[in-house]
Amino acid sequence: RQLAAYVNFFDMGPILPDGPVNVGETWKETVGYAPITVAAGADKGKNINSRIDYEMTYRGKAEHKGKTYHHIEGKIAQDTDAAPYLADMMGVKLEASIFKAVKLKLDGKVDYYLDLVTLDPVEILATSQGSIDVEVTTYTGGPVYQERFKSRASLVRK
């Protein structure tokens, strides 16, 4: 689960804006993600594939391991309840599902170090932390399953 959130981060590096950016400027990359239940509007209650916005920030030129690179920082945050989505997948109403709540949380950060000329990623460093809490309708004493995780990953061009 931890690394799944970073598939797009590690793809070929960040998707860069079409034009120049200043130090501190931000932009978003959007990727598909499930599950989410729409909370308001015409589609309220509908379970759909949603999106996660990765916020990218250009941090300027930075020294890293004795060399100078363009440094881009990416951040991601997800906080959702998958219980309505799972009930929909099982073909039952939420009230009839065994799952009362399936809380999924993920916070992550990725540092990209890009070649000054080609903008190719030279090194990508990622960290994340998150949790999963599963509550069922047949037990009222709290979550029946909990998981906490922290992860680190790196990709280095040789």
Side-chain angles (χ1 to χ4, degrees), residues 1-19 21 24-59 70-114 119-157:
R1 283 182 292 276
Q2 299 96 305
L3 291 178
Y6 293 114
V7 168
N8 288 335
F9 271 141
F10 280 132
D11 191 8
M12 291 300 286
I15 296 172
L16 299 173
D18 291 333
V21 294
E25 244 183 283
T26 64
W27 64 97
K28 293 190 190 280
E29 280 187 40
T30 302
V31 297
Y33 177 77
I36 193 166
T37 302
V38 179
D43 291 329
K44 183 177 179 178
K46 187 176 182 182
N47 297 301
I48 61 170
N49 285 336
S50 184
R51 67 181 210 183
I52 294 180
D53 290 325
Y54 296 80
E55 184 176 276
M56 303 298 202
T57 304
Y58 178 55
R59 296 293 180 199
H70 289 291
H71 178 205
I72 295 175
E73 178 184 84
K75 291 188 176 181
I76 180 178
Q78 181 70 14
D79 186 352
T80 191
D81 182 358
Y85 183 84
L86 293 172
D88 191 51
M89 284 182 56
M90 294 183 293
V92 299
K93 292 186 179 194
L94 181 58
E95 302 81 37
S97 171
I98 190 169
F99 296 108
K100 180 178 178 182
V102 180
K103 297 173 186 170
L104 308 172
K105 293 183 182 183
L106 174 70
D107 289 300
K109 179 182 166 227
V110 176
D111 289 295
Y112 297 97
Y113 296 95
L114 308 180
L119 301 179
D120 289 333
V122 176
E123 187 164 2
I124 303 171
L125 306 170
T127 58
S128 70
Q129 62 184 13
S131 63
I132 300 168
D133 291 292
V134 179
E135 297 177 27
V136 295
T137 55
T138 56
Y139 179 71
T140 58
V144 295
Y145 176 80
Q146 291 183 306
E147 180 178 329
R148 304 290 179 261
F149 58 83
K150 287 184 177 184
S151 67
R152 290 183 310 170
S154 65
L155 181 65
V156 179
R157 175 169 276 169

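None of the values given here were measured: they were computed from a predicted structure.
- Looking at every heavy atom in both residues, Leu106 comes nearest to Ser128 through CD1-CB, 3.9 Å.
- Applying the ring-ring contact (aromatic ring centres under 6.0 Å, His included) rule to Phe99 yields no partners; only residues at least two apart in sequence or on another chain are considered.
- In this structure the side chain of Val134 never reaches within 4.5 angstrom of the side chain of Pro143, judged on heavy atoms.
- Classification of Arg148 and Asp133 as a salt-bridged pair holds, one side-chain N sitting under 4.0 Å from a carboxylate O.
- The shortest side-chain heavy-atom distance between His70 and Leu119 falls under the 4.5 Å cut-off.
- Distance CG/Leu114 to CD1/Ile124: 8.0 Å, rounded to 0.5 Å.
- In this structure the side chain of Asp111 reaches within 4.5 angstrom of the side chain of Glu73, judged on heavy atoms.
- The two residues Ala87 and Ser97 make their nearest non-hydrogen contact at CB-CB, 3.8 Å.
- Put simply, the residue from Thr57, Leu16, Ile15 that forms a side chain to side chain contact (heavy atoms under 4.5 Å, CB included) with Trp27 is Leu16.
- A pairwise comparison of heavy atoms in Ala126 and Val110 identifies CB-CG2, 3.7 Å as the closest pair.
- Of the inter-residue distances, the one linking Ile76 atom CD1 with Glu55 atom CD reads 12.0 Å to the nearest 0.5 angstrom.
- Summarising the geometry, atom OG1 belonging to Thr26 is positioned 11.0 Å from atom CE belonging to Met56; distances are rounded to the nearest 0.5 Å.
- Residue Ser131 holds its OG atom at 9.5 Å from NZ of Lys103, rounded to the nearest 0.5 Å.
- Taking OH from Tyr112 and CZ from Arg59, the interatomic distance works out to 14.0 Å, rounded to the nearest 0.5 Å.
- A pairwise comparison of heavy atoms in Tyr58 and His71 identifies CD1-O, 3.5 Å as the closest pair.
- For Lys105 against Phe149, the heavy-atom pair with the smallest separation is O-CZ, 4.1 Å.
- Distance check, rounded to the nearest 0.5 Å: CG of Asp81 to CD of Glu135 gives 8.5 Å.
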